[in-house]
Amino acid sequence: MSASTTTAGTAPASSLTSVFVRLKLSLLRNGLRQSGGRTAAYILSIVFGAVFAAALVLAFALMRGSADADSVAILLTGVLALSWTVMPLFIPSGDETLDPSRLVMLPLRPRPLIRALLVASLVGIGPVLTLVLAFGAALSVAHGAAGVVVAVLAVPLVTVTCVALSRAVAAANVRLLTSRKGRDLALLSGLVIAVGIQVVNFAAQRLGRAGGLESLEPAAAVVGWLPPAAAIGAVDSAGRGDYAVAAARLLLTAAALVALLYWWQRSLVRLMVEPDGSTIGAASDAGVRDDGGTGLLGRILPGGRTGAVMERSLRYMWRDPKTKASAVTSLALGLIVPLVNALQGTGSVYWACFASGMLGMLMYNQFGQDSSAFWMVAQTISTTADAYAELRARAQALLLVTLPYAVFVTVLTTAVLGAWSRLPDALGLALGLLGAMLAVGAVASALFPYSIPQDSGYKNVAPGQGALAWISIFGGMLVAPLLCAPLIGATVYLHLSDQESLLWLLLPAGALYGALLVWAGLKVAAPRTAGRLPEILTAVSKG
């Protein structure tokens, strides 16, 4: 045992590196053999990646000689590095080799392990695409022999730095990413993507008004000194004859790479020799939990069944990763879309109704979020009155969050646009739509329940139940606006007939109509829930 350990521990780095590269290729090959769909998806990703890379390299080549080529190349390289930084935080299950804790029991020294992991990390679509994009960026700014020489050094340096940055971040956060809190962190990816899309859209429109790409120069001047974008800036500086600046930027990127490798090595050493602090903390706190009550939430909610169901629903929204992800995404998109449209100056105050639509979707598939635990809820439902009480309490729990949030989004959108005269009718429509969504969601929960898998961070519908989910969500999205037709018709009529002084009536009308719709929806859903308990229990327990 000791002899084999010594041999493995002192094995040459080159042999260890080749082993890890072959292991990476084997994992890739075996993964593709699991199903034809996975193989097709991988091939499709290669095709799309190649087309995207070719188009971007062509665009860089066409920009060669342009006065703004350096700004575009530097900023795109910075965005590329940022993507590599956040990727392991938001896609922790995308690559199993991101978890170095699998290597803890192997007799491997940190430095050879770092080399082997780094080289193996360069095998894949992402690193190759990064290499091509770095080549295109360098191509657009490389001029003269000095620029070409620096570009030869800068392109692989950018690629290796991006990969090392990703691995260092993953190693430093591996215990977080593999814990329950880490799974909760994954829900932020939807929020980041949503915010990112709107920010890019907003920035592109402002860029067009600002007069062109020359407005990027101040940002490029700063990012050009941040590794690894500094390496592309070094190519541009060498082409301009600023050899001292080029050398400084290139050395800065190389120093950053060394620092990242050192950080990665320290994280690996700490991972392999230190116990998991989260486990120790959980064990030490196990005997000091407060079991004396349900806390502030339990004290402010009503008593009896209604309060218990409301508290359970709110705790699901706060603690269950899937429920929390849906809630955060709905809250974020419900605010971002109206607000961005308002900031662009082309939006309408009625965009605030988008928040009601997104928040109302939280009422859909209420029993699916319980998963197999729904059997405990089913034991308490024996009559239509029990089902009505259950659904009403769940709707009230959602209204505690969605109602003030819908009002907040409507008021904020109105304030940004300065259209205070439109606030009453816009708020009335928003409240009416929220009531319609909750009503349709209650009925859809009873008629089209489906399971939400708990063992996957990326699947929200169990296999074979996709049609139920589509019918439930998109059917409800069509029915809810139809239920709001009286409010919409009244709004259009008052505007067209120049009776805008009466628009304030839509606020109380919308609130009362929304409440009536919720009551009617619960009354319709209750007998169907009570009569279909076995079917609902079977459907939601499949995951």
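Predicted model only: the values in this text are computed from it and were never measured.
The number of heavy atoms from other shown groups lying within 6.0 Å of CZ (Phe135) does not exceed 12.
Here the CG atom belonging to Leu412 is positioned 5.0 Å from the CG atom belonging to Leu339, to the nearest 0.5 angstrom. Between the CG atom of Leu398 and the CG atom of Leu362 there is a distance of 6.0 Å, given to the nearest 0.5 Å. Taking CG of Leu260 as the start and CG of Leu118 as the end, the distance is 10.5 Å to the nearest 0.5 Å. Residue Met361 holds its CE atom at 10.0 Å from CG of Leu333, rounded to the nearest 0.5 Å.
You'll find the side chain of Val132 reaches within 4.5 Å of the side chain of Val57, heavy atoms only. When side chains are defined from C-beta on, Val163 does not count as touching Thr130, because their heavy atoms never get closer than 4.5 Å.
Under a 4.0 Å N-O distance rule, the pair Asp236/Arg249 does not qualify as a salt bridge.
Across Ile74, Leu82, Thr77, Val79, a single residue satisfies side-chain contact (heavy atoms from CB on, under 4.5 Å) together with Val223, and that is Ile74.
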Atom pairs and distances, side-chain donor-acceptor, residues 137-162, under 3.5 Å, sequence neighbours left out:
unit_1	atom_1	unit_2	atom_2	d
Ser140	OG	Ala137	O	2.7
Thr159	OG1	Val155	O	3.1
Thr161	OG1	Leu157	O	2.6

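Between the side chain of Tyr405 and the backbone N or O of Leu331, at least one donor-acceptor pair lies under 3.5 Å.
Residues passing the side-chain hydrogen bond (donor to acceptor under 3.5 Å, both in side chains) test with Tyr262, sequence neighbours excluded: Arg266.
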